[in-house]
*Asks:* 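Below is a structure I'd like to ask you about.
As the structure is a computational prediction, the values presented were derived from the model and not from experiment. One-based numbering, in listed order, for ligands and for the atoms of each.
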Amino acid sequence: MPELPEVEVTRLSFAERIRGARVNAVRVGKPLRWPLGQTPERIVGETVGAVSRRGKYLWVALERGGLLMHLGMSGSLSFGPIAGEPGPHDHFDLVTTRGTLRLTDPRRFGAVVWSPAADADPAARLLAGLGLEPFDARFDGAYLHAALRRRRVAVKSALLGGAIVVGAGNIYACEALWEAEIDPRTRSDRISRPRADALAEAVRSTLARAVELGGSTLRNYRNAEGTAGAFQLKAKVYGRAGKPCVRCGTTIRRVVQGARATFFCPGCQRR
Ligand SMILES: [Zn+2]
């Protein structure tokens with residue numbers, strides 16, 4: 001499932017190249033999670049502006065309105081010269097003077113939704129309720145501490161929810177909690193301010209590193225599929241059950257929290 005770093009890497013892969021391109025055609029394939037909500041004719045002739053990201057959504061600005069895109073469970077976006085006919089899983093093409101932005105999505109949980117503006121419906125409704133961006137200056141220890149105190153759930157679940165900060169998906173939440181030496185099962189309202197400071201920093205640095213690693217993968221594969229390729233996080237705890245912690249040597253444990261696998265070190269991650 002594409003997480004925030006993969007979506008950001010995808011954005012970086014085409015944002016500059018598509019900016020200023022003119023839309024020649026719009027092809028809509030099989031139904032996605034939500035309908036486009038606009039006729040292709042209305043989009044043809046528009047010039048593409050900036051491509052921005054909010055959570056796992058991309059906003060492709062057009063002159064009048066824009067397209068809000070989501071990769072769902074299995075989607076990927078490619079941008080480049082596309083000669084062949086769309087394959088069975090290619091469900092949306094934005095054909096421009098500089099190449100085709102194509103959404104490939106086998107499971108079709110992804111979406112492309114036209115909206116008159118990013119802060120108007122339907123985009124605004126879809127983006128409502130998202131927490132702060134991890135790289136937003138307002139996302140700091142004070143903010144995180146206050147937000148965690150208002151909840152009484154395991155700290156990992158609070159992060160996963162996305163209402164406090166976006167981007168801390170399962171892998172990244174596990175990694176950030178290891179980095180901050182916090183047991184994922186700790187009740188969120190019992191996290192002290194210094195530990196919240198450490199956790200905010202860990203969330204930010206984990207995601208920044210993931211974008212960086214994904215970016216280097218992308219540069220290598222840009223000419224092949226045009227997709228980000230498999231993101232390879234050099235995980236410290238995620239997926240390492242039974243192996244020694246690289247910080248203290250204790251055996252990494254796997255538990256299930258809210259139907260999601262949690263990996264942590266019982267030696268150096270404290271409640
Ligand atoms: Zn450890």
*Asks:* Below the 2.8 Å mark, what number of protein N, O or S atoms do you get around the Zn ion (ligand 1)?
*Replies:*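 My tally for this metal is 4.
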*Asks:* Side chains of residues 148-156: which donor-acceptor pairs under 3.5 Å do they make with residues two or more places apart or in other chains?
*Replies:*
{"unit_1": "Arg151", "atom_1": "NH1", "unit_2": "Ala147", "atom_2": "O", "d": "2.9"}
{"unit_1": "Lys156", "atom_1": "NZ", "unit_2": "Asn170", "atom_2": "OD1", "d": "2.5"}
{"unit_1": "Lys156", "atom_1": "NZ", "unit_2": "Ala261", "atom_2": "O", "d": "3.3"}
{"unit_1": "Lys156", "atom_1": "NZ", "unit_2": "Thr262", "atom_2": "OG1", "d": "2.8"}

*Asks:* Report, as yes or no, whether the 6.0 Å neighbourhood of atom CZ on Arg107 holds more than 12 heavy atoms from other residues, nucleotides or ligands.
*Replies:*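 Result for CZ/Arg107: open.
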*Asks:* Is there a side-chain contact between Val246 and Arg240, using heavy atoms and a 4.5 Å cut-off?
*Replies:*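 Yes, at least one pair of side-chain atoms sits under 4.5 Å.
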*Asks:* Relative to the ring of Trp34, is the ring of Tyr57 parallel (under 30°), tilted (30 to 60°) or perpendicular (over 60°)?
*Replies:* parallel
*Asks:* Taking side chain to side chain contact (heavy atoms under 4.5 Å, CB included) as the test, write out the residues that go with Glu8, two or more places apart.
*Replies:* Arg11, Leu12, Arg53, Val211
*Asks:* With ILVMFWY side chains joined below 4.5 Å, transitively, what does Val255's cluster contain besides itself?
*Replies:* Phe264
